[in-house]
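In what follows, a structure is listed as structure tokens, so that the remarks can point back to it.
Proteins get letters first, then strands, A, B, ... in listed order; numbering begins at 1 in each.
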There are 2 protein chains.
Amino acid sequence: MSSTTIFSLSLGRASLTVMASQQKTSRKAAGTQAAIRRPQARAANSRSQRGDAGDDIGLDALVGHAGYAVRRFQLWIFQDFIKTLATVDIRPTQYSVMTVIGANPGLSQMAVAKRLGIERARLVHLLDSLEERDFVSRIASATDRRSHALHLTARGRTALAQFKRLAAEHERHVAEKIGKENRERLLQILACFT
Amino acid sequence: MSSTTIFSLSLGRASLTVMASQQKTSRKAAGTQAAIRRPQARAANSRSQRGDAGDDIGLDALVGHAGYAVRRFQLWIFQDFIKTLATVDIRPTQYSVMTVIGANPGLSQMAVAKRLGIERARLVHLLDSLEERDFVSRIASATDRRSHALHLTARGRTALAQFKRLAAEHERHVAEKIGKENRERLLQILACFT
DNA sequence: AAAAGATTGTTGTTGACGACAACAATTGAT
DNA sequence: ATCAATTGTTGTCGTCAACAACAATCTTTT
């Protein structure tokens, strides 16, 4: 253990930084650094310092990590969803809530929250906004006076139909990005999470 | 299946008090509170109110949406990562930052941020905490007095080695969850996002 | 060289989101 | 009737992405 293997790194940068025990001086920013003056840039290598290209940095160590790829993909996919449904101002979570209610009218908030894996505390605000926009309505349950039966309003139903059309367009974007068959495969692999 | 959220992890708190805290028995004192809320019951909905099973709810409308499956998967994968690396108190983003710096010493904050797709404003706090723990160090760049050259400290290098072992264990969890070959396929499909 | 424009690190704010704790009202079991 | 559990609600806390603004510093233009 503790085999301090000095990666000499690759990527055309012989940085060779001295170990420099380096104190914590540079934390607070904007300090009058009195830094070393080395204006003469000898190498100007343009490689690692200037990431203008942005993709020439080898991060070999991150490939092979599923979480990283999934995080980046999820970011991309949510941004595209939001952008594609920007005209109707619907976010992914709102869409999923309306979809579940539309497919299963009368569900309680607890059931919806459990099904979607979101906290019931959070669902409260979600439903507040959706109810304000007259998309869903909380109807007092006949059998349990604690719970609400969730339904789409008439306006919510027609709205959801439009949302679904836009969501289908978003899915086409996904297919364009990773390939139609890859998208199918992905859905199959992750089916156990839906 | 297992749609019920089982996270009990709560890094940092470890308050596994699942037991219900005792009530105060302040029962509102014989209040036959009549209808503040109208129990109105009509609407004869179809579905059953009791979604206690939690998995009998058909959400046919959500299958086929890549974003939903990816979101759930990303949640699961991050939770497992955090839990697996809880002993060293390292979160996914911190790990990715250290990994990139370790593989490319001397990078600027801008380059790291761009490479990982995170905001440079956010990277500031990330690096603050990592520098506090003596894992990375910001060294004044010789060529550009605006930027910092990021390096792992000696302690950071040995720490990262351990993090990588734990991360590998986490990857094994992923393989167990979705299957070894499915994980490979997933990485291949999402390679364009790394 | 001086002025104008762009970049880097930093601070701050906003809003979505997940997790948790506590509570009143209600239901169910004993 | 009593006690435990559930449901909706409110509130807090911390993470995270997205912006906006700023001082210091390159870089480019004039």
Distance under 6.0 Å and angle within 45° of ring axis: Lys83(A) vs Phe78(A): no

Identify whether any heavy atom of Gln109(A) sits under 4.0 Å from a base atom; if not, whether one sits that close to sugar-phosphate; answer base, sugar-phosphate or nothing. sugar-phosphate

Please list, for nucleotides 1-7 of chain C, all pairs of protein and nucleotide N/O atoms separated by less than 3.5 Å.
residue, atom, partner, partner atom, Å
dT7(C), O2, Arg146(B), NH1, 2.5

Intermediate values then yes/no, side-chain contact (heavy atoms from CB on, under 4.5 Å), Leu107(A) and Arg115(A): CA-CA 10 Å; Leu107(A) 282 184; Arg115(A) 187 62 192 85; 5.9 Å; no

Whichever of Glu119(A) and Pro92(A) has its nearest DNA chain C nucleotide further upstream toward 5': Pro92(A)

Does Arg145(A) place a side-chain N or O at less than 4.0 Å from the phosphate oxygens OP1/OP2 of dT26(C)? yes

Between CZ of Phe78(B) and P of dC17(C) the distance, given in whole Å, is 16 Å

What residues, two or more places apart in sequence or in another chain, satisfy side chain to side chain contact (heavy atoms under 4.5 Å, CB included) together with Lys180(B)? Glu184(B)

Return the 5'-most residue of the pair Asp144(B), Leu127(A) with respect to DNA chain D, ranking by each residue's nearest nucleotide. Leu127(A)

Should Arg91(B) be listed as having a side-chain N or O under 4.0 Å from OP1 or OP2 of dC16(D)? yes

Can you name the residues that form a side-chain hydrogen bond (donor to acceptor under 3.5 Å, both in side chains) with Asp134(A), not counting sequence neighbours? none

Output all residues satisfying ring-ring contact (aromatic ring centres under 6.0 Å, His included) with Phe81(B), sequence neighbours left out; order by chain, then residue number. Tyr95(B), His170(B)

Can you list, pair by pair, the side-chain donor-acceptor contacts under 3.5 Å of residues 161-169 of chain A, counting residues two or more places apart and other chains?
none

Could I get the full list of side-chain hydrogen bond (donor to acceptor under 3.5 Å, both in side chains) partners for Arg183(A), not counting sequence neighbours? Glu171(A)

How many Å lie between CG on Asp128(A) and P on dT9(D), as a whole number? 7 Å

Expected output is a numbered-order residue list: members of residues 163-171 of chain A with a heavy atom under 4.0 Å from any atom of DNA chain C. What is it? none

May I ask you to verify if any side-chain N or O of Arg122(B) is less than 4.0 angstrom from the OP1 or OP2 atom of dG9(C)? no

Residues in side-chain hydrogen bond (donor to acceptor under 3.5 Å, both in side chains) contact with Arg185(A), at least two apart in sequence or another chain: none

By side-chain hydrogen bond (donor to acceptor under 3.5 Å, both in side chains), Arg155(B) pairs with (sequence neighbours left out) none

Would you please confirm or rule out a distance under 4.0 Å between OP1 or OP2 of dT15(D) and any side-chain N or O of Arg71(A)? no

